[in-house]
There are 2 protein chains.
Amino acid sequence: MKKLSSRSSQRKAEEKSNPRAAILDATERIMLEAGYAAVSSRKVATRAGLRSQLLHYYFRTMDDLFIAVFQRLEDQHDEHFARAAASDHPIRELWKLSMNPASTGLVLEFTALATHRKAIRALIERSARRDRSMHVAAITGIMGRGGIGAQDLSPAVGLSPTVLALLMASVARTLVTESALGVSDGHAEMLAFVERQLRRMESR
Amino acid sequence: MKKLSSRSSQRKAEEKSNPRAAILDATERIMLEAGYAAVSSRKVATRAGLRSQLLHYYFRTMDDLFIAVFQRLEDQHDEHFARAAASDHPIRELWKLSMNPASTGLVLEFTALATHRKAIRALIERSARRDRSMHVAAITGIMGRGGIGAQDLSPAVGLSPTVLALLMASVARTLVTESALGVSDGHAEMLAFVERQLRRMESR
DNA sequence: GTCTATAGGCCGATAGAC
DNA sequence: GTCTATCGGCCTATAGAC
C-alpha cells in the first residue's frame with residue numbers, strides 16, 4: 001500500500017535504473033501491443049533491459065506481476081477520475097477518460113485475463129463494481145446540481161444515472177476496441193451523436 | 001468453402017465420431033471457459049477424446065484451427081441473423097442475438113486473439129465490418145417500413161440506424177462480458193431500459 | 001540486488017509405421 | 001486416418017554464488 005510518487009516514477013523508469021517500474025512499464029506495453037497472452041517473464045525482462053530471473057526477485061510469480069500492474073493502473077485511474085469529476089465539464093471529462101485508448105485497452109486485457117486466472121479474477125471483479133458505482137455516483141451528483149438536463153433525455157425515456165453510466169462505458173469500450181482493430185465504421189457518426197448529447201447536457 | 005450441413009453435424013460430434021467437428025467443438029468450449037490463450041493442441045485433443053497429433057492432421061497449424069472455428073461461427077451467425085431480421089419483431093430478435101452469451105463471448109475472444117495473431121486479424125476485421133453493415137442495413141429497412149418510430153427517439157436526438165446499431169452492439173457486449181465476470185451491477189436497470197425502448201419501437 | 005545455472009513442464013509440429 | 005516416437009523451443013520458478 002506504499003504510495004510511491006506515481007507522478008515522477010512513471011515514464012523514464014529504465015533510464016533512472018528503477019527496475020521495478022521498468023518491469024511494470026514493459027508489461028503494460030506488451031499487453032497493449034500484443035495482448036496479455038504475450039506477456040512472459042523473458043519478454044518483459046528483455047523489454048525492460050534486464051535478465052528474466054531478476055523479474056522473479058521483484059515479483060515472485062507472474063500473477064504477482066499482473067496484480068502490481070493492475071493496482072498501479074487503478075491508482076492512476078482514481079486520480080484521473082477525481083480530476084474529471086471535479087472539473088467544469090464533468091460528463092465530458094468522464095467521457096474523455098473512458099475513451100483513453102491505453103487505459104481502456106489495458107482494462108480490457110485484464111478483463112480477458114480474469115477469465116482464466118483465478119488470482120486476478122477477484123481483483124478485476126471488485127474493480128469493475130467499484131468503477132461502475134463511482135460513475136453512477138458522479139453522474140447522480142451532476143444531475144442533482146442541474147448539470148444534466150432532466151429534459152427529453154431523462155424522464156420520458158427514463159435515462160437514469162445507472163443507465164447513462166453503463167451506456168457511456170459500453171460505447172467507449174466498443175469504440176476503443178474497434179479502433180485498435182482498425183475498424184471505425186460508424187464511429188464518426190457515433191462521436192457526433194455523443195457530442196450532441198454532451199452539448200445538450202452542458203446547456204443547463 | 002464446402003458447405004457441410006451445419007445443422008446436423010453440430011452438436012454431438014464426438015459420439016458420431018466426427019473428429020473434425022469434435023475438435024472445433026472442444027476449441028470453442030475451451031475458449032469460452034478459459035480464454036483463447038488456454039487453447040493448445042494437447043488440451044483440445046484431450047477434450048475431443050483424441051491424440052494431439054491427430055489434430056495436426058485435420059488442421060496443420062493452430063492458426064488453421066482458429067480460422068476454421070471462426071468461419072463455422074460466422075456461418076451460424078449468418079443463419080441466425082437472417083432469421084432474426086425476417087421475424088415479426090426484428091429489432092427485438094437482433095437484440096436477443098447480440099445478447100447470446102456463447103456467440104458474443106466467442107467473438108470477444110477472437111477479437112482479443114486478433115490483436116496479436118496476424119493471420120486471424122484480417123479475418124476478424126472483415127467480419128466486424130460486415131456485421132456492422134448488416135445491422136445498419138437491417139435497421140434501415142425496419143425504419144423504412146415504419147417498424148421503428150421516427151418520434152422523440154429518432155429526430156430530435158438524432159438516433160440514426162448507424163448509431164442505433166453501434167449502441168445495441170456496445171451495450172450487449174458489455175452486459176455479456178460483465179455477466180461472464182460475475183458483475184451485474186445496473187444490468188437489470190439497463191435491461192428494463194432496453195425493454196422500454198423495444199416496446200416503444202414496436203408500437204408502430 | 002544481480003549474476004549463472006538449471007530443473008521440469010507444456011508447447012507446436014513433423015517423421016514414419018500401419 | 002490413426003498410431004508411436006520425438007525434436008527443439010519457450011516457459012515459470014528456484015538454488016546458490018557473489
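Chain letters run A, B, ... following the sequence lines, proteins first and then strands; every chain starts at 1. All values below come from the heavy atoms of this structure, side chains included, with hydrogens, waters and symmetry mates left out.
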For this session: Taking A/R121 for its side chain and B/L181 for its backbone only, find out whether a donor-acceptor pair lies under 3.5 Å.
Result: yes
For this session: Would you check if B/R130 and B/R126 make a side-chain contact, meaning some heavy-atom pair closer than 4.5 Å?
Result: no
For this session: Kindly say whether A/D131 contributes a backbone atom to a donor-acceptor pair with the side chain of A/H135 at under 3.5 angstrom?
Result: yes
Exercise. Salt-bridged, B/R199 to B/E202, with N to O below 4.0 Å?
Worked result: no
Under 3.5 Å, which protein N or O atoms sit close to an N or O of nucleotides 16-18 of chain C? Give each pair with its distance.
none

For this session: Report yes if the side chains of A/L50 and A/L55 come closer than 4.5 Å at any heavy-atom pair, otherwise no.
Result: no
For this session: Encode nucleotides 1-13 of chain C as B, S and - characters from 5' to 3', where the letter depends on protein heavy atoms closer than 4.0 Å: B to the base, S only to sugar-phosphate, - to neither.
Result: BBSBB-----BBB
Problem set entry | Parallel, tilted or perpendicular, as decided by the 30° and 60° cut-offs, for the rings of B/F66 and B/F110 | perpendicular
Problem set entry | Check ion pair B/R173-A/E178 (N to O, under 4.0 angstrom) | yes
